[in-house]
Amino acid sequence: MYEWIDWDQIPDVINKDRFYRLCRISKSTARYLLQSGTVPCQYTGKKTRCYAIRKEDVQEYLRQRDDHPEAYAATAGWYGAKKSTGMPKSLSEGTLKKLHSYYTALLISCPDVLSANEIAALTGYCRETVNTWCAENCVPHFCRKRTNYIPKVFLIDFFCSERFRAISKKTKWHVHTLCDFNQRLKNNQRRTTGEKTWMTALNSFI
């Protein structure tokens, strides 16, 4: 069992730093648990204190960790120099459509056209990087008063592109979205497999 904690002294919502100290795990392990969705959290998009974790989710994690430690183990290669999102370089047409739908839903509250500054604030990449994407014609855009603007529909297409997914030094936002999508994809595949298994068993019974 985990060490006794006076939960009355813990806020209802904590950040990643308090989470890893409270659970006595490394920063890297905490980042994996949050980015993979293994421990539920809200990604705020801020450069610091970007994760908001509910106290009850931390309590559930600590309860379950002792009984099912394998469920909370990081994927192979996570602690290496390069942290894999578990997403292959080439994606099937079906997976690309799902990724497109994921980013469409994620950006639903964003304006139809975003400036380089707005995209930098959203993704965590600097404005110069966004301008480089435009200069290299990675994404359709237009310039007004020395500021690059990208329509949201084209930005979403770019987020799904191999060029964007292949960026070596990804921002926290980029890693989080890929890990979150990958986890959702795995969960959906498990549900689909479970439904097929159940239907097979039912048909055999009938």
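Predicted, not measured: the structure shown is a model, and the values here were computed from it.
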For the residue pair [X] and [Y], what are the closest heavy atoms and their distance?
X	Y	value
His141	Asn137	CE1-OD1, 3.9 Å
Cys126	Ala120	C-CB, 4.0 Å
Pro40	Ile53	O-CG2, 3.7 Å
Ser115	Thr147	CB-CG2, 4.1 Å

Any link between [X] and [Y] through a network of hydrophobic side chains (Ile, Leu, Val, Met, Phe, Trp, Tyr) touching at under 4.5 Å?
X	Y	answer
Val139	Val113	no
Leu22	Val13	no
Ile156	Leu96	yes
Tyr149	Val153	no
Tyr102	Leu122	yes

Self-check item: Over 12 non-hydrogen atoms of neighbours within 6.0 angstrom of CD in Glu93
Solution: no
Quiz prompt | Enclosure of Lys97 NZ (heavy-atom neighbours >12, cutoff 6.0 Å) | solution =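 No, not enclosed.
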Quiz item: Between the side chain of Thr171 and the main-chain N/O of Thr123, is any donor-acceptor distance below 3.5 Å?
Solution: yes
Quiz prompt | Matching residue for Tyr61 among Gln59, Arg65, Gln64, Arg63 - test: side-chain hydrogen bond (donor to acceptor under 3.5 Å, both in side chains) | solution = Arg65
Quiz prompt | Stepwise side chain to side chain contact (heavy atoms under 4.5 Å, CB included) test for Lys152 and Leu114 | solution = CA-CA 7 Å; Lys152 183 167 64 174; Leu114 292 88; 4.0 Å; yes
Quiz item: What's the verdict on ring pair (Phe, Tyr, Trp, His ring centres under 6.0 Å) for Tyr125 and Trp173, showing C-alpha distance, side-chain angles and the deciding distance?
Solution: CA-CA 9 Å; Tyr125 291 105; Trp173 179 89; 7.9 Å; no
Practice problem: Using distance alone, with no hydrogens and no angle criterion, decide if Ser92 and Thr95 have a side-chain donor and acceptor under 3.5 Å apart. | Solution: yes
Quiz item: Going by atom types alone, do Tyr20 and Ser26 pair a side-chain donor with an acceptor below 3.5 Å?
Solution: no
Practice problem: Begin from the C-alpha positions of Lys55 and Ile14 and carry the test side chain to side chain contact (heavy atoms under 4.5 Å, CB included) through to its verdict. | Solution: CA-CA 7 Å; Lys55 178 167 63 176; Ile14 63 175; 5.9 Å; no
Quiz prompt | Spatial distance of atom CG (Leu106) from atom OG1 (Thr177) [nearest 0.5 Å] | solution =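 Reported to 0.5 Å precision, the distance equals 7.0 Å.
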Flag the pair [X] / [Y] as yes when at least one side-chain heavy-atom distance between them is below 4.5 Å, and no otherwise.
X	Y	value
Phe19	Tyr51	no
Ile119	Phe158	no
Lys170	Leu178	yes

Self-check item: Phe159/His174 aromatic ring centres below 6.0 Å
Solution: no
Self-check item: Presence of salt bridge, Glu162 and Arg165, under 4.0 angstrom
Solution: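 Salt bridge flag = no for Glu162 with Arg165.
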